Amino acid sequence: MKIKPFCLALLTAVVSTVSAQNSSVFIKAGYNMANISVTESGNIDEARMLSSFHVGLQGDIPVIKNILSIQPGILFTGKGAKFQQGSTSDASYYRESTNPMYLEVPVNVVVKAPLGDGAKFFAGAGPYVAMGIGGRNKVEGKLFGVAFDNNEKINFSNDDPTTSGEEGAGYGILRRFDYGLNGTIGFEGDKAMFSVNYGLGLAKIQSGTNSNADDKNKHRVLSFTVGFRL
């Protein structure tokens with residue numbers, strides 16, 4: 001798959017959709033608290049939380065003026081998790097962080113409540129799809145006092161996340177494609193907005209595993225976003 005043309009096509013589609021509806025566009029960025037579920041029921045280990053970021057565009061297409069909107073977007077966003085066993089002062093310790101970067105397209109349906117002076121509270125939800133386009137996997141540690149480290153680009157497989165089949169990928173390689181559900185709440189004014197978002201991944205990130213088997217090894221991302229209307 002040629003990634004750059006695909007990314008440009010997604011960006012063009014989102015911007016064209018918003019422009020065609022004579023609606024507004026926000027440029028936004030923020031902080032991600034990323035994690036990966038560690039149990040079959042989908043729970044996370046807070047100690048594995050990884051700091052990352054996101055930046056992108058979000059449209060606002062009114063369905064009912066000042067009450068209901070559809071908000072498509074396109075984001076460059078970081079996900080992943082970290083793990084550490086032991087501390088740097090020990091003779092042996094191990095630390096790893098996996099920070100894949102995705103091009104993500106969320107589409108949320110948002111309900112708004114006017115607060116006065118042009119300000120609104122909003123809450124909404126919707127699906128997202130994402131494609132892995134970069135990121136790094138970092139490992140460092142010591143074994144009986146001998147230090148080691150490794151910093152490599154993340155490799156992605158193109159296998160279908162809804163099945164257990166692989167397309168030539170080895171164990172431990174991440175799937176390129178992710179999908180899931182978003183929830184969002186926040187405030188917006190005439191020129192700016194602030195939101196808190198939660199992304200619930202539904203696809204296993206590991207190549208060659210069945211997404212429907214359980215909820216282990218799936219992305220979980222809590223985000224804080226500031227945006228400005230263009």
Side-chain angles (χ1 to χ4, degrees), residues 1-18 25-37 48-59 71-83 96-108 126-139 150-163 165-182 184 197-209 211 217-225 227:
M1 174 179 291
K2 295 182 178 180
I3 295 177
K4 289 184 178 179
F6 182 78
C7 296
L8 290 173
L10 280 177
L11 178 59
T12 301
V14 171
V15 173
S16 297
T17 299
V18 175
V25 178
F26 287 89
I27 183 170
K28 64 180 193 176
Y31 172 66
N32 289 355
M33 298 172 64
N35 217 321
I36 296 171
S37 58
R48 299 191 179 200
M49 189 275 291
L50 179 73
S51 294
S52 193
F53 71 96
H54 63 274
V55 62
L57 298 174
Q58 174 190 293
Q71 294 185 339
I74 185 164
L75 299 173
F76 179 70
T77 185
K79 305 186 182 186
K82 65 183 180 182
F83 170 76
E96 179 178 6
S97 64
T98 299
N99 186 200
M101 307 302 295
Y102 290 85
L103 189 70
E104 181 170 301
V105 178
V107 181
N108 293 327
Y128 77 81
V129 293
M131 181 179 70
I133 58 174
R136 304 197 72 86
N137 188 74
K138 301 178 182 179
V139 174
N150 190 36
N151 186 340
E152 294 183 338
K153 291 182 179 179
I154 291 175
N155 291 316
F156 291 97
S157 160
N158 291 324
D159 56 326
D160 183 350
T162 64
T163 69
E166 290 186 80
E167 295 179 358
Y171 180 80
I173 296 176
L174 301 187
R175 281 198 169 96
R176 184 176 299 280
F177 298 99
D178 181 35
Y179 61 87
L181 299 173
N182 282 315
T184 184
N197 312 279
Y198 189 74
L200 180 74
L202 300 179
K204 284 186 177 291
I205 67 170
Q206 190 179 67
S207 181
T209 53
S211 292
N217 291 328
K218 297 182 179 182
H219 287 302
R220 303 286 187 262
V221 183
L222 178 65
S223 302
F224 301 89
T225 302

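Computed from a predicted structure; not experimentally measured.
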Partner set under salt bridge (Lys or Arg N to Asp or Glu O under 4.0 Å) for Arg220, not counting sequence neighbours: none
To check you understand the geometry: which heavy-atom pair defines the closest contact between Asn32 and Gly78, and what is its length? ND2-O, 2.9 Å
Quick one: CG on Leu200 to CG on Asn182, what's the gap to the nearest 0.5 Å? 9.0 Å
Closest non-hydrogen atom pair between Phe156 and Met101, with its separation: CZ-O, 4.4 Å
Give a yes or no answer on whether the side chain of Thr225 reaches the backbone of Gly30 with a donor-acceptor pair at less than 3.5 Å. no
4.5 Å side-chain heavy-atom contact, Tyr102 and His219: yes
Tabulate below the donor-acceptor pairs under 3.5 Å that side-chain atoms of residues 126-134 make, not counting sequence neighbours, or state none.
unit_1 : atom_1 : unit_2 : atom_2 : d
Tyr128 : OH     : Asp178 : OD2    : 2.8

Report yes if the side chains of Val107 and Gln71 come closer than 4.5 Å at any heavy-atom pair, otherwise no. no
When you measure from the side chain of Lys218 to the backbone of Leu202, do you find a donor-acceptor pair of N or O atoms at a distance under 3.5 Å? yes
Looking at CD of Glu96 and CG of Leu50, how far apart are the two atoms once the value is rounded to the nearest 0.5 Å? 11.0 Å
So the salt bridge (charged side-chain N to carboxylate O under 4.0 Å, His left out) pairs with at least one residue in residues 99-108 (sequence neighbours excluded) are Lys79-Glu104
Whether Arg176 side chain and Ser157 backbone form a donor-acceptor pair below 3.5 Å: no
Taken to the nearest 0.5 Å, the spacing of Arg175 CZ from Ser211 OG works out to 5.0 Å
His54 NE2 to Ser223 OG distance, which is reported to the nearest 0.5 Å: 5.0 Å
Minimal heavy-atom distance between Leu75 and Leu57, with the atoms involved, is CD2-N, 4.5 Å
Please report the interatomic distance CD1(Ile36) to NZ(Lys82), rounded to the nearest 0.5 Å. 13.0 Å
Anything under 30° is parallel, anything over 60° is perpendicular, the rest tilted; go ahead and classify Phe224 against Tyr31. parallel
Rounded distance (nearest 0.5 Å) linking atom OG1 of Thr98 with atom NZ of Lys138: 11.0 Å
Is Asn197 reaching over with its side chain to a backbone N or O of Thr184, donor-acceptor style, under 3.5 angstrom? no
